[in-house]
**Student:** 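Okay, handing you the structure first.
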Amino acid sequence: MAEDRRRDHVGPQPRRPKAEDESRNQGERNPGASRLCDRRQPAESHGEDGRHRHPAQARLERQGKIGPRSRCQRDGYPQAGAGPLGGRVIANNPRQDQDFRHSARRCRYKTCAAGPLARVPNCHSLRIHLSPVAIMTDNQKPVLRFAPSPTGMLHIGGARTALFNWLYARHTGGKFVLRIEDTDRERSTPQAVAAIIEGLEWLGLDWDGEITYQFSRAARHREIAEKLLAEGNAYRCYATQEELTAMREAQRAAGKPIRYDGRWRDRDPSEAPAGAPFVIRLKAPQGGETIIHDIVQGDVRFANEQLDDMILLRSDGTPTYMLAVVVDDYDMGVTHIIRGDDHLNNAARQMQLIRALGWPEVTYGHVPLIHGPDGAKLSKRHGAQAVGEYRDMGYLPETMRNYLLRLGWSHGNDEIIPTPQAIEWFNLESIGKSPARLDFKKLDNLNAHYIRETDDGALADEIAHLLGRKDPPQTLSAIGRERLIKAMPALKERAKTLVELAASAEFLFTDGAREPDAAAAKILSDDARRTLGEFLGTLEGTDWTGHALEEKARAFAEAKSLKLGQVAQPVRAALTGKTTSPPIFAMLEVLGREESLKRLTAHVL
RNA sequence: GCUCCCAUCGUCUAGCGGUCUAGGACGCGGCCCUCUCAAGGCUGAAACACCGGUUCGAGUCCGGUUGGGAGCGCCA
């Protein structure tokens with residue numbers, strides 16, 4: 001099946017004539033060179049000095065319109081400082097030299113023969129980049145994690161985060177681990193844990209190893225906090241809640257940034273009020289900046305002076321989220337953290353902690369949040385937040401994976417990307433930076449596609465499941481299932497969701513005359529009912545197959561100089577009670593002679 | 001208020017300084033097919049937020065403006 005799907009996505013993509021242009025340059029192409037370096041460099045692009053340049057540039061140069069200052073210089077890379085991400089554009093015109101920090105996605109050097117030094121094509125400037133990917137040593141397989149807090153259902157945004165992590169782990173052959181962040185004892189519930197696991201399983205996102213429950217690791221977290229304290233990287237703070245609230249209010253009133261002012265940072269421990277409760281805070285650096293080399297957002301810089309000393313251990317001795325994540329990620333060997341960009345600010349603080357601990361830095365990727373159809377943050381009024389709701393609405397897991405993947409990640413013009421293909425293609429560089437909105441129309445379209453791809457038996461099972469969840473629950477009878485399977489090829493071509501599919505199949509599950517709905521009743525006029533009777537009269541001894549019945553109907557219509565529709569529609573209305581259905585003659589066959597005649601004769605006038 | 005992030009058709013997006021009269025998909029309009037509804041085929045309308053800068057050349061690089069979003073807890 002995987003093979004089928006793979007073939008399918010390739011589909012008949014109309015080729016734009018533009019694509020043929022490639023043939024123009026084929027001769028000059030150097031297959032070994034990078035995409036950057038070999039880009040359109042026909043012979044004419046080599047000037048008398050043998051350097052590469054764009055034909056247009058060469059032309060302009062020959063015409064004397066541009067001078068040597070604009071020339072591409074391939075050699076003599078200036079010794080620019082290149083950070084782990086971003087870098088410096090070196091132009092021939094020094095005034096144009098520029099620093100880059102947002103260029104994570106532009107890094108293509110990996111395929112560049114020139115190594116980490118990549119030349120900007122067709123341009124007189126040079127760009128130097130080093131991607132975080134390069135920092136990762138080759139023998140180290142990535143470890144990804146999904147770390148939800150069990151305070152509600154598995155959110156659709158969380159599902160996408162999980163998907164991205166999972167895909168990257170599967171793509172690289174690394175690990176995908178699951179950690180339940182249940183350190184908030186007030187809000188965490190076992191039901192929520194179950195819902196998250198169920199959601200993940202439904203989506204087909206399997207994790208490696210055992211689930212880690214963060215709360216169970218509190219002792220370890222405390223140990224690290226003590227270690228920090230002992231090493232002088234953390235301190236005890238005896239400020240009370242009331243004191244801090246007052247401090248924040250004063251800051252707010254004065255229009256100052258709201259943050260802890262470090263009042264216990266440098267006090268001597270002897271000043272501590274005896275026996276008073278305290279929290280442990282990180283002694284964060286006060287000058288300089290903390291830079292996150294984010295794989296999605298590029299370099300994000302935070303001035304340390306605006307990051308206050310965060311609490312590591314609460315006064316009741318329990319660890320805070322900041323401490324717990326960092327310790328757990330370290331202990332679990334996590335190398336990459338892909339999560340919602342609502343955590344971007346947290347990343348800076350976590351990085352400070354990691355550095356204070358001297359642990360290896362993880363690679364962050366902060367994915368933009370998903371918004372509702374109106375562009376606002378996804379909330380209850382947008383309906384469907386929990387993945388379980390999507391299941392109930394009749395969407396397939398495969399659909400969700402494909403849709404969620406495309407929401408913020410792309411691979412050229414590809415839209416239909418079955419999971420095996422997604423695993424093969426997925427990368428971190430192609431994650432988009434801007435927030436995306438949910439579009440149910442597109443979800444429907446995609447779901448319709450995957451429904452058509454799903455085999456009939458599996459679809460029948462889904463419908464049985466759906467019927468079972470109805471109130472009151474219904475069961476799919478043997479005869480119902482048999483009819484359903486027979487009609488499925490025609491039915492599934494018409495359904496956008498499983499719910500729709502079940503509804504459109506409803507007429508297969510009943511016996512005897514159908515009660516026409518309003519529209520169907522209109523079709524069944526006296527004239528139509530008489531015609532129906534006459535038509536039934538011609539059916540004596542006919543083979544009860546869709547083909548034979550259709551032949552009969554055509555002959556009958558011609559004899560009566562009616563259009564086929566004038567015969568078929570009343571049949572449809574009587575047989576199904578509705579005005580739309582799969583091809584009606586095929587449905588006659590599915591229901592069989594006896595059942596069909598029972599339904600039809602009931603409406604004959 | 002402070003910090004951070006984002007900005008191409010209605011929506012998801014392609015775009016990696018010249019091949020952009022900006023491509024695809026969903027949705028919408030028209031035509032074809034047709035027993036209804038779909039599906040399918042053909043076709044149409046539809047976008048680079050704005051202003052500066054760099055450059056021979058900017059959707060693409062830089063800065064600003066505007067607009068959206070996120071965060072500023074002894075929550076996670």
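We name chains A, B, ... by the order of the sequence lines, and we start the count at 1 in each one. None of the values given here were measured: they were computed from a predicted structure.
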**Student:** Below 30° counts as parallel, above 60° as perpendicular, anything between as tilted: where do the rings of A/Phe535 and A/Phe556 land?
**Tutor:** tilted
**Student:** A/Glu493 near the nucleic acid: base, sugar-phosphate alone, or nothing, with a heavy-atom cut-off under 4.0 Å?
**Tutor:** base
**Student:** Using atom C1' of each nucleotide, how far apart are B/G67 and B/C48 to the nearest Å?
**Tutor:** 16 Å
**Student:** In terms of side-chain geometry, is the basic nitrogen of A/Arg301 or A/Glu289 positioned less than 4.0 Å from the acidic oxygen of its partner?
**Tutor:** yes
**Student:** Applying the Watson-Crick and G-U wobble criteria at under 3.5 Å, what pairs with B/C61? Answer none if nothing qualifies.
**Tutor:** B/G53
**Student:** Please work out if A/Pro148 contacts a base, only the sugar-phosphate, or nothing of the nucleic acid, heavy-atom cut-off 4.0 Å.
**Tutor:** nothing
**Student:** Rounded to whole Å, how long is the line connecting atom OH of A/Tyr403 with atom P of B/G27?
**Tutor:** 12 Å
**Student:** I'd like the P distance from B/G64 over to B/A7, given in whole Å.
**Tutor:** 15 Å
**Student:** Which nucleotide in the list B/C35, B/A76, B/G40 gets nearest to the side chain of A/Arg452?
**Tutor:** B/G40
**Student:** Answer yes or no: does a side-chain N or O of A/Arg248 lie under 4.0 Å from OP1 or OP2 of B/C74?
**Tutor:** yes
**Student:** On a plain distance test, is the side chain of A/Asp182 in donor-acceptor contact with the base of B/A76 below 3.5 Å?
**Tutor:** no
**Student:** Taking CZ from A/Arg406 and C1' from B/C12, how many angstroms apart are they, rounded to a whole number?
**Tutor:** 6 Å
**Student:** Identify the residue among A/Leu428, A/Thr161, A/Asp341, A/Ile338 that makes a side chain to side chain contact (heavy atoms under 4.5 Å, CB included) with A/Val367.
**Tutor:** A/Ile338
**Student:** Counting any heavy atom closer than 4.0 Å, what does A/Gly408 reach on the DNA or RNA strands: base, sugar-phosphate only, or nothing?
**Tutor:** sugar-phosphate
**Student:** Where each residue is assigned the nucleotide of RNA chain B containing its nearest heavy atom, which of A/Pro435 and A/Arg281 is assigned the position nearer the 5′ end?
**Tutor:** A/Pro435
**Student:** Please confirm whether any donor atom in the side chain of A/Ser315 sits under 3.5 Å from an acceptor in the base of B/C74, or the reverse.
**Tutor:** yes
**Student:** So, does the side chain of A/Arg572 form a donor-acceptor pair with the base of B/C35 at under 3.5 Å?
**Tutor:** yes
**Student:** Can you find an N or O donor on one side and an acceptor on the other, under 3.5 Å apart, linking the side chain of A/Lys433 with the base of B/C6?
**Tutor:** no
**Student:** Regarding B/G71, can its base be found pairing with the side chain of A/Asp342 as donor and acceptor, where the two atoms are less than 3.5 Å apart?
**Tutor:** no
**Student:** May I ask you to say what A/Gln241 touches in the nucleic acid, namely base, sugar-phosphate or nothing, with a heavy-atom cut-off under 4.0 Å?
**Tutor:** base
**Student:** Please state how far atom CD1 in A/Ile416 lies from atom P in B/U13, giving the value in whole angstrom units.
**Tutor:** 16 Å
**Student:** State which of B/C35, B/A39, B/G24 makes the closest approach to the side chain of A/Lys442.
**Tutor:** B/G24
**Student:** Between A/Arg514 and A/Glu506, is there a salt bridge with N-O shorter than 4.0 Å?
**Tutor:** yes
**Student:** Regarding A/Pro277, tell me which of base, sugar-phosphate or nothing describes its non-hydrogen contacts under 4.0 Å with the strands shown.
**Tutor:** nothing
**Student:** When the nearest nucleotide of RNA chain B is assigned to A/Gln214 and to A/Asn445 on a heavy-atom basis, which residue is associated with the more 5' position?
**Tutor:** A/Asn445
**Student:** Give me the atom names and distance for the closest heavy-atom approach of A/Pro516 to A/Ala520.
**Tutor:** CB-CB, 3.7 Å
**Student:** Could you tell me which nucleotide pairs with B/A14 by Watson-Crick or G-U wobble geometry, both distances under 3.5 Å, or answer none if nothing does?
**Tutor:** none
**Student:** Compare all side-chain heavy atoms of A/Trp409 with those of A/Ile417 and state whether any distance is below 4.5 angstrom.
**Tutor:** yes
**Student:** Between B/A76, B/U36, B/C26, which nucleotide has the shortest distance from any of its atoms to the side chain of A/Gln569?
**Tutor:** B/U36
**Student:** Does B/C4 pair with anything, Watson-Crick or G-U wobble, both distances under 3.5 Å, and if so, with which nucleotide?
**Tutor:** B/G69
